[in-house]
Amino acid sequence: MKTFAELDLIAPVQRALADEKYETPTPIQAQTIPAALLRRDVLGCAQTGTGKTAAFALPILNQLGQHNRKAAPNRPFVLALAPTRELAIQIGESFATYGRHLRLRQALVYGGVSQGNQVRALNRGAHILVATPGRLLDLMNQGHIKLDQLDVFVLDEADRMLDMGFLPDLKRIISQLPDQRQSLFFSATMPPKIVDLTHRLLRDPVSVNVTPESTTLEKIEQRVLFVERRGKQALLRTILDTDDVERALVFTKTKRAANMLAEQLVRGGIRATAIHGNKSQAARQRALEAFRRKQVQVLVATDVAARGIDIDRITHVVNYDLPVEPEAYVHRIGRTGRAGAEGIALSFCCAGERRELRAIEQLIGQKVPVDPNQPAPQPREQRPSPSSGERRAGDSHRPSGKKPRSHRPATPGAVDAAGAAAKPKESRRPRRKGRNRGQRVKQTT
Ligand code: AMP
């Protein structure tokens with residue numbers, strides 16, 4: 001593997017990398033940067049956590065630094081489009097970090113806040129514009145943004161953008177791009193609609209597929225826990241109490257469920273907060289910061305809000321509700337196991353979610369192992385009789401060579417795959433450990 005010093009990057013960019021103590025490019029960087037420096041279009045199949053932001057930011061900064069042009073008001077040279085405000089902010093931070101020794105200006109444009117500051121930043125002239133689609137189109141329609149000087153277009157997390165219903169906006173934006181441009185396209189998954197979009201957008205792209213999903217998923221210990229719907233909360237609390245959970249990102253299906261769960265956890269003495277689209281931008285940033293600083297142990301999120309969360313060392317991802325879209329499972333569990341770290345992804349599956357589980361297993365091409373502390377799915381006639389309750393059939397589903405992480409007490413509300421309650425009633429009450437008792441912490445948002 002080459003070092004950054006061997007890549008053809010200008011001195012101010014190299015200095016910023018040295019400041020960050022980056023020595024070796026990640027695989028996506030090693031392949032994307034040389035191609036992008038040659039002004040080739042790039043089609044990158046990669047998730048967050050692979051270093052993809054620097055993969056596109058570094059060659060862009062390199063080009064801007066070499067040409068040293070002045071940015072005209074409202075006419076950026078670079079447009080990076082992201083599905084969420086959080087991701088846009090993170091991309092902006094990356095440009096600022098890697099471009100700190102260059103004299104460049106950037107503007108950030110996203111909804112949920114007033115447009116005044118954004119318009120002023122555009123009027124002053126910004127080399128780089130990082131934007132979410134809705135606000136971008138809004139400001140384009142008002143005449144605050146013209147894309148006729150654009151050199152480079154970046155589309156990040158394209159699949160998520162489509163999931164969020166941005167395709168019509170995206171088509172409108174693409175129709176305004178100048179013909180002469182470089183396009184860098186990134187997506188974690190490549191469903192047919194994305195492939196179609198790449199044909200519209202890219203010209204003879206260099207394909208970079210450094211993280212086939214199976215490889216990324218291999219680092220993550222996945223387990224499914226069969227549970228009655230009403231037993232999910234107690235099960236989560238048991239896990240938080242007994243497993244070695246430093247930072248858990250918990251996914252619910254709805255914003256309301258995210259709020260309720262966070263409130264209930266807080267009431268039970270667990271440091272938790274919720275993040276979702278109904279919260280103000282400031283509240284979302286506060287929640288993320290508290291999670292990043294470990295002031296809260298549990299961040300309860302919906303898919304949309306969690307997109308683009310860039311926090312290292314999330315030890316556990318818990319699918320409290322299974323996602324309706326199987327692709328979201330890959331995105332969700334990709335939040336743990338980042339930068340080579342190991343992570344644990346636990347999926348709660350109640351009787352009504354079997355179809356979702358099957359769809360996920362089909363997508364990832366493997367069975368999600370049953371948690372070793374759970375009874376395994378097995379045909380009715382083979383199920384152990386009550387007197388043979390010691391047997392843990394789920395052990396046979398343990399990933400090879402991997403031990404279960406904990407000896408969790410009997411799982412509350414657990415059901416086997418056939419939907420039958422599997423635990424005696426008294427074991428349904430979660431065991432509380434001393435460290436959390438009475439540790440009532442106010443929700444931060
Ligand atoms: P990303 O996939 O862009 O969200 O990056 C994931 C994380 O990896 C970020 O926290 C980056 O700061 C970090 N990172 C990116 N490239 C490198 C590198 N070459 N060496 C070390 N860390 C990196």
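Any value given below was found using the heavy atoms of this structure, including those in side chains, with hydrogens, waters and symmetry copies removed. Just so you know, ligand 1 is whichever comes first in the structure, and atom 1 is the first atom listed for that ligand. Quantities reported herein were computed from a predicted structural model and do not represent experimental measurements.
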Donor-acceptor contacts under 3.5 Å from residues 192-204 side chains, at least two apart:
| from | atom 1 | to | atom 2 | distance (Å) |
| --- | --- | --- | --- | --- |
| T198 | OG1 | V195 | O | 2.5 |
| R203 | NH1 | D179 | O | 2.7 |
| R203 | NH2 | D179 | O | 3.3 |

List, one per line, each side-chain donor-acceptor pair under 3.5 Å for residues 136-150, sequence neighbours excluded.
| from | atom 1 | to | atom 2 | distance (Å) |
| --- | --- | --- | --- | --- |
| D138 | OD1 | Q142 | NE2 | 3.4 |
| N141 | ND2 | L137 | O | 3.3 |
| Q142 | OE1 | Q115 | NE2 | 2.8 |
| Q142 | OE1 | H144 | NE2 | 3.4 |
| Q142 | NE2 | Q115 | OE1 | 3.0 |
| K146 | NZ | G143 | O | 3.3 |
| D148 | OD1 | R75 | NE | 2.9 |
| D148 | OD2 | R75 | NE | 3.2 |
| D148 | OD2 | R75 | NH2 | 3.2 |

- Task: Indicate yes or no: does E20 engage R100 in a salt bridge with an N to O separation below 4.0 Å.
- Result: yes

- Query: For atom 11 (C) of ligand 1, which of Y22, F56, F186 has the closest heavy atom?
  - Reply: Y22

- Any non-hydrogen atom of T24 lying under 4.0 Å from ligand 1? yes

- Task: Report yes if some heavy atom in the side chain of T252 is under 4.5 Å from a heavy atom in the side chain of T302; otherwise report no.
- Result: yes

- Query: Does Q29 approach ligand 1 within less than 4.0 angstrom via side chain, backbone, both or neither, non-hydrogen atoms only?
  - Reply: side chain

- Under 4.0 Å from a heavy atom of F4: give me the atoms of ligand 1 that qualify, with their elements. 19 (N)

- Is it true that E221 and R223 have a side-chain N and a carboxylate O under 4.0 angstrom from each other? yes

- Item | Test item: side-chain donor near acceptor, E361 and Q366, under 3.5 Å | no

- Query: Do any nitrogen or oxygen atoms of G51 lie less than 3.5 angstrom from nitrogen or oxygen atoms of ligand 1?
  - Reply: yes

- Message: Show me which atoms of ligand 1 lie under 4.0 Å from any heavy atom of T50.
- Response: 2 (O)

- Under 4.0 Å from one or more heavy atoms of T53, ligand 1 contributes atoms 1 (P), 3 (O), 4 (O)

